[in-house]
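What follows is a set of notes on a single structure, which appears directly below.
Letters go in sequence order (proteins before strands), and every chain restarts at 1.
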Amino acid sequence: MSENIRVRFAPSPTGPLHMGGVRTALYNYLFARKNDGKMILRIEDTDQTRFVPGAEQYIMESLAWCGIQFDEGIIEGGSYGPYRQSERKSIYAAYSDQLIQSGNAYYAFDTAEELDELRKQAEAERKTFIYNSESRKSLRNSLNMNDVEVKKHLDEGVPYVVRFLIPENTSITMNDLIRGTVTVKSETLDDKVLFKSDGMPTYHLANIVDDHLMEISHVIRGEEWLPSLPLHVLLYEAFEWKKPQFAHLPLLLKPDGNGKLSKRDGDRLGFPVFPMQWKDPTTGEISSGYRENGYYPEAFVNMLALLGWNPGSDQEIFGMNELIEAFSLDRVGKSGSKFDPEKTKWFNHQYLIRQTDEALAQEWLKWLKAEKNLEPEKKKVVKIVSLIKERVNFVQELWEEANFFFETPESYDEKVVKKRWKTDSSEQMKTLAILLDDIQDFSAEMIDEKIKIWITENELSMGGIMNALRLLLVGAAKGPHLGDIMEVLGKTESIKRISSGIKALSN
RNA sequence: GCUCCCAUCGUCUAGCCCGGUCAGGACGCCAGGUUUUCAUCCUGGUAACAGGGGUUCAAAUCCCCUUGGGAGUACCA
């Protein structure tokens, strides 16, 4: 029996989760489900200064909207809790102490200001200050003090942090499921802070301790963590703990130019970068979300899944269960992916046209009530939707393609008038109106048949008649089959539009 | 700057590990066809192995260098 698969998604509640984060969560989720493992949500809120109210709630709601479910977490519970690091505060100090005792960490009494100053100085000389095997020899830390001095500092309550002691002259070899073997020399690493002077652990310590305690088997996270992997590996070794397997996901890049996808790109190029709308609690600024923009969560997830992973086949449309079935970490690419807002729309189109007419009508009915204060008969809406759904990417775009079903045209597209409204159109339309009035069963089939016969008998041009008629009924050169339009409008409305149109255009 | 990661059409990508295919698919774009219009749809087209060196009968595929891009470099995660 192999080990139990346990993965976690560990966001920091410092703001809305952006789509890159959603993708990381998604890959974790797919991996867990595929391998009969557990998916855990852990909130990493060790930085009290960056706490943003509502962010935690937002993260959970977004993931729920996407259909990403957790087996353990702050809502779901579980036997490895608590799942919020701020509530695990008491756990970490002992591990920090353990590292000091084993000689893997030390106290550092340098103040933030002192270090800032050193960084500034180094920068002036076009160098970078690093707290490492070289510089630590001349700084205010326990490595340079005897036990009495250290104790004195501690007893007097001098603020301190705990730093990890990077071993000298070794090379660290790490294995990444996506990148293979990565090797780094220990001299290039710095003695990272593990425990802050405010009594909270840093990400590095809390993360390793919690992953160990929660028996995480696979750490699947963004590539921005790759540079701290050596530290994490060293930490596991210092604790003498079994390491999880690591997989560092490539980043999501901006659609144009270079760099990591950011909120600004969305504003600039006009697409959401967040799954749901977010209102900044301090500035009140609103960032748009996929949900509010009319995207189906399935489409959003499908798009995200294919951004950096592929099934190795030509299939592009995947439901969640199909994604789970097909997913594997070794088909995740190594290079960053530029996000394509256009293809995202295409995905939504694919999901929209797969909705049943009934379901789509239900959605649109809600929209019509909310946006246009219309409450049309459902049967009619189902019919309209069946006629036009192929044309749109979003439910809210249906109106643009179908407004004429609800509103009598008030103006007529001038270009079309010029092209389609001929001198004899007026007479022809009058005759046609009488013909239509005569039809008892006002169905598309019947209408089509009658018109066709009339046109043939009088040797009229199909295009000429139909285009002029369309102009009167729709006001423009757009829309589905005319027979269908008239069936939906009904006899009375159709004839009314023809008469008023003739009147308007004869002036 | 330093450390690490990455590199196939404009974009997402298959192919690379285990060298031999007209380098395949999708989005977008363009053209043609269907249609009473528009859209859909169908057909076709556009367009890539970053550059250079090796290894080999043969390199997108293996090796090296260059270039380009990305990330990290906080008492943030």
Side-chain angles (χ1 to χ4, degrees), chain A residues 10-14 44-47 49-50 108 110-112 115-116 119 122-123 125-131 159-163 174 176 178-180 182-185 187-190 192-198 200-204 206-207 222-230 248 250-251 253 255-256 258-260 303 306-316 330-331 333-347 349 353 388-392 401 416 419-420 448 451 455 461-471 474 476-483:
Chain A
S12 185
T14 54
E44 306 217 327
D45 55 352
T46 51
D47 185 1
T49 62
R50 292 211 304 162
D110 321 273
T111 65
L115 294 174
D116 277 348
R119 284 195 190 90
E123 205 175 324
E125 294 168 52
R126 298 188 59 209
K127 287 181 194 157
T128 307
F129 169 77
I130 321 176
Y131 210 117
Y160 67 90
V161 300
V162 175
R163 284 183 183 270
M174 300 150 287
D176 183 280
I178 293 170
R179 272 145 235 285
V182 180
T183 306
V184 212
K185 291 198 185 70
E187 297 88 78
T188 65
L189 270 27
D190 61 339
K192 281 269 182 284
V193 171
L194 299 179
F195 204 82
K196 301 185 269 189
S197 56
D198 66 358
M200 286 294 259
T202 60
Y203 167 82
H204 303 291
N207 188 265
E223 195 184 351
E224 69 269 24
W225 292 110
L226 196 53
S228 32
L229 182 56
H248 288 86
L251 263 18
L253 274 17
D256 60 342
N258 306 315
K260 194 158 74 156
M303 175 281 295
L306 273 296
L307 215 51
W309 170 84
N310 78 83
S313 72
D314 285 346
Q315 185 180 350
E316 292 206 270
D330 47 53
R331 292 207 68 88
K334 291 180 174 138
S335 52
S337 311
K338 286 187 179 179
F339 169 68
D340 184 354
E342 286 307 313
K343 189 144 188 181
T344 308
K345 289 179 191 165
W346 176 80
F347 272 110
H349 176 75
I353 61 177
I388 56 172
K389 66 175 180 182
E390 292 278 357
R391 307 162 175 260
V392 301
E401 297 298 327
V416 183
K419 190 174 171 194
R420 304 293 191 191
D448 285 344
I451 294 181
I455 287 175
S461 118
M462 186 71 147
I465 296 297
M466 296 312 261
N467 284 311
L469 179 58
R470 177 176 297 279
L471 180 64
V474 177
K478 65 168 187 182
H481 188 80
L482 274 178

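Here the separation of B/U66 from B/A59, taken at their P atoms, is 24 Å to the nearest Å. Using C1' as the reference atom, B/U11 and B/U34 are 30 Å apart when rounded to the nearest Å. On the C1' atoms, B/C5 is 38 Å away from B/C30, given to the nearest whole Å. Taking atom P in both B/C4 and B/A50, the straight-line distance is 23 Å, to the nearest Å. Taking atom C1' on both B/U67 and B/C27, the two are 29 Å apart, rounded to the nearest angstrom. Comparing the P positions of B/U56 and B/U3 gives an interatomic distance of 33 Å, to the nearest angstrom. Comparing B/G52 with B/G68, their C1' atoms sit 14 Å apart, to the nearest whole Å. Taking the C1' atoms as reference points, B/C17 lies 24 Å from B/C9, given to the whole Å.
Pair check for B/C49 finds none; no Watson-Crick or G-U wobble contact set falls under 3.5 Å. B/G10 is paired with B/C27 under the criterion used here, namely a Watson-Crick or G-U wobble arrangement in which both key atom distances are under 3.5 Å. Searching all strands for a Watson-Crick or G-U wobble partner of B/G19 with both distances below 3.5 Å returns nothing. Across all strands shown, B/C2 is found opposite B/G72 as a Watson-Crick or G-U wobble partner, with both distances under 3.5 Å. Partner assigned to B/U61 is none, using Watson-Crick or G-U wobble distances below 3.5 angstrom.
Residue A/Leu189 comes nearest to A/Pro230 through the heavy atom pair CD2-CB, 3.7 Å, listed as atom of the first residue, atom of the second, then distance. Of all heavy-atom pairs spanning A/Pro311 and A/Leu306, the tightest one is CD-CD1, 3.9 Å.
Looking at heavy-atom distances under 4.0 Å, A/Gly312 makes no contact with the nucleic acid at all. Among the protein residues, A/Gly308 comes within range of the sugar-phosphate backbone only, with heavy atoms under 4.0 Å from sugar or phosphate atoms but none that close to a base. Within 4.0 Å of A/Pro230, counting heavy atoms only, lies no atom of the nucleic acid at all.
Atom CZ of A/Phe347 and atom C1' of B/U11 are 12 Å apart (whole Å). A straight line from CG of A/Asn310 to P of B/C16 spans 12 Å, rounded to a whole angstrom. In this entry the distance linking NZ of A/Lys338 with P of B/U8 reads 10 Å, nearest Å. Distance, A/Asp330 CG to B/A14 P: 12 Å, rounded to whole Å. If you measure from atom CH2 of A/Trp346 to atom P of B/G25, you get 14 Å, rounded to the nearest angstrom. Rounded to an integer number of Å, the gap from A/Asp314 CG to B/C27 C1' is 14 Å.
Nearest-nucleotide mapping onto RNA chain B: of A/Ile353 and A/Thr183, the residue sitting toward the 5' end is A/Thr183. A residue-by-residue look at A/Glu390 and A/Asp340 shows that A/Asp340 has its nearest nucleotide of RNA chain B further toward the 5' end.
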### Message
Each nucleotide in nucleotides 64-77 of chain B should get exactly one letter: B, S or -. Can you fill that in based on protein heavy atoms under 4.0 Å?
### Response
-----SSSS-SBBB
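Salt bridge status for A/Glu187 with A/Lys185: absent, with no side-chain N to carboxylate O gap under 4.0 Å. Residues A/Lys338 and A/Asp340 are not paired through a salt bridge, judged by the lack of any N-O separation under 4.0 Å between the basic side chain and the carboxylate.
Here the side chain of A/Arg179 is nearest to one of B/G25, B/C5, B/U37, namely B/C5. Closest to the side chain of A/Ala477, from the set B/A14, B/C4, B/U37, is B/U37. Each of B/C5, B/C27, B/C38 was ranked by its minimum atom distance to the side chain of A/Arg391; first place goes to B/C38. Looking at the side chain of A/Asn467, the nearest of the listed nucleotides B/U3, B/A7, B/U36 is B/U36.
The phosphate of B/C17 (OP1 or OP2) has no side-chain N or O of A/Arg331 nearer than 4.0 angstrom.
Side-chain atoms of A/Thr202 come within 3.5 Å of backbone N or O of A/Val193 as a donor-acceptor pair. One N or O on the side chain of A/Asp176 and one on the backbone of A/His248 form a donor-acceptor pair closer than 3.5 Å. In terms of modelled atom types and a separation under 3.5 Å, the side chain of A/Ser12 and the main chain of A/Glu44 share a donor-acceptor contact.
Judged as a side chain to side chain donor-acceptor pair (under 3.5 Å), and not counting sequence neighbours, A/Glu224 has no contacts. A/Lys343 meets the side chain to side chain donor-acceptor pair (under 3.5 Å) test with A/Glu316; sequence neighbours excluded.
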